[in-house]
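Below you'll find the structure, written out as structure tokens, and then a few comments.
The basis for the numbers below is simple: all heavy atoms, side chains too, and nothing from hydrogens, waters or symmetry mates. Order of listing sets the numbers, starting from 1, for every ligand and every atom in it. In this chain, numbering begins with 1 at the start of the sequence shown.
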Amino acid sequence: MTNIEWTEKTWNPIVGCSIVSPGCTNCYAMKMAARLEKMMKPERRGDVLLPHHYTRLTKPSNGGPVWTGRVNIAPDNILLAPLRRKKPTMYFVNSMGDLFHESIPDEWIDRVFAVMARCPQHTFQVLTKRSERMREYCAKLDRAPGPTTIEIAEASIQPPLNDWPLPNVWLGVSAERQTEADERIPDLLATPAAVRFVSAEPLLEAVDFTDLSYSGMCLDAVEGYLQGGAGYATPQRRRLDWIIVGGESGANARPMHPDWARSIRDQCTAAGVPFFFKQWGEWAPTRLTDPPRVDLRWLSSNGGCMDAMWNDPKPSEADVMISKVGKKSAGRLLDDRDWSQMPLRESGV
Ligand code: SF4
């Protein structure tokens with residue numbers, strides 16, 4: 001089980017990572033990996049007992065544990081776990097790392113894809129910040145469809161990679177700011193996938209998915225148009241199938257302005273793209289009708305924050321008063337509504 005609202009279970013066949021962009025600053029997996037290293041016992045691999053696979057993924061620092069950049073593949077009982085599960089399940093793949101991390105050899109990713117190919121009863125959600133590696137890896141499989149023998153444990157299997165892209169694998173990228181959206185979404189749209197999604201969490205600024213900067217042109221990733229310099233727009237074969245938005249949780253969480261979330265909801269609604277509002281996170285907008293709160297701030301639309309008192313006048317029209325109420329109290333309603341839409345279609349290209 002998992003408390004991630006948009007999935008049912010996490011599956012971590014490969015663990016370990018390193019910081020890649022501002023969304024990683026308060027990486028939950030980094031802290032959790034350090035905890036697991038202390039808690040877990042040695043693992044049996046064949047006839048030998050070896051240090052468990054969370055060993056040496058992190059090292060201590062003054063600010064808490066940090067990734068070492070090391071990555072480890074899990075033992076077979078974890079790698080093969082989805083094969084044993086009959087009940088159709090939505091799996092989030094690699095919540096404790098990034099499947100397309102630069103240190104992970106292609107052979108390990110092959111094994112993960114082989115398991116996913118052998119489990120048509122499940123849906124696998126793969127989310128990465130390494131969109132370029134994902135595009136290149138999938139292009140390699142795209143160029144060589146057909147039976148590919150992949151070694152898993154002691155056995156070879158031939159996953160049905162001629163059924164490509166795998167209909168039960170959703171591919172997604174994280175996009176916490178416009179910069180990451182501009183960089184990663186064109187890669188995602190260039191990658192063959194049954195479903196393509198974006199996780200804008202932790203959302204750190206306003207992001208316009210209708211106006212991505214791409215090779216000197218404007219890409220509308222929700223409607224599926226590319227606009228060149230002459231002003232004409234060319235329809236694209238692919239667009240996003242799902243967008244998730246969430247604020248940050250944890251002790252050092254950065255707040256999310258409600259207008260950033262509303263704007264993405266409105267972009268999705270106008271284009272008919274399913275929208276999932278996952279959480280406010282640690283901070284939530286405060287209304288004067290709420291009980292008095294501590295730790296009040298004014299949050300501006302550019303992310304600037306300043307301390308506030310309950311009766312302070314609003315510094316500017318776009319500012320909102322927020323308070324640090326904790327993830328649970330903050331909840332996941334946006335404008336008093338639950339937004340838990342899921343992808344409706346499989347583009348299959
Ligand atoms: S890519 Fe994900 S797992 Fe890796 S450091 Fe960033 S937030 Fe953490």
Among protein heavy atoms, which sits nearest to [atom], and what does the distance come to when rounded to 0.1 Å?
atom                    : answer
atom 4 (Fe) of ligand 1 : Cys17 SG, 2.3 Å
atom 2 (Fe) of ligand 1 : Lys129 NZ, 3.9 Å
atom 8 (Fe) of ligand 1 : Cys27 SG, 2.3 Å
atom 5 (S) of ligand 1  : Trp67 NE1, 3.3 Å

Strictly distance-based, threshold 3.5 Å: is any side-chain N or O of Ser263 a donor or acceptor partner for the main-chain N or O of Asp259?
no
At the 4.0 Å heavy-atom cut-off, does Met30 count as touching ligand 1?
no
Atom 6 (Fe) of ligand 1 to Cys24: any N/O/S contact under 2.8 Å?
yes
Within the stated cut-off of 2.8 Å, is an N/O/S atom of His101 closer than that to atom 4 (Fe) of ligand 1?
no
Could Arg337 and Trp339 be counted as a cation-pi pair, given that NZ or CZ must be under 6.0 Å from the ring centre and within 45° of the axis?
yes
Just let me know how [X] lines up against ligand 1, side chain, backbone, both or neither, with a heavy-atom cut-off below 4.0 Å.
X      : answer
Ser18  : backbone
Tyr28  : neither
Arg130 : side chain

Measure the acute angle between the ring planes of [X] and [Y], then classify it against the limits of 30° and 60° as parallel, tilted or perpendicular.
X      : Y      : answer
Trp242 : Phe197 : tilted
Phe113 : Trp164 : tilted
Phe124 : Trp11  : tilted

Candidate pair Tyr54 and Asn12, rule side chain to side chain donor-acceptor pair (under 3.5 Å), full reasoning:
CA-CA 11 Å; Tyr54 281 91; Asn12 282 290; 4.7 Å; no
May I ask you to check whether Thr89 and Arg85 show a side-chain donor-acceptor distance below 3.5 Å?
yes
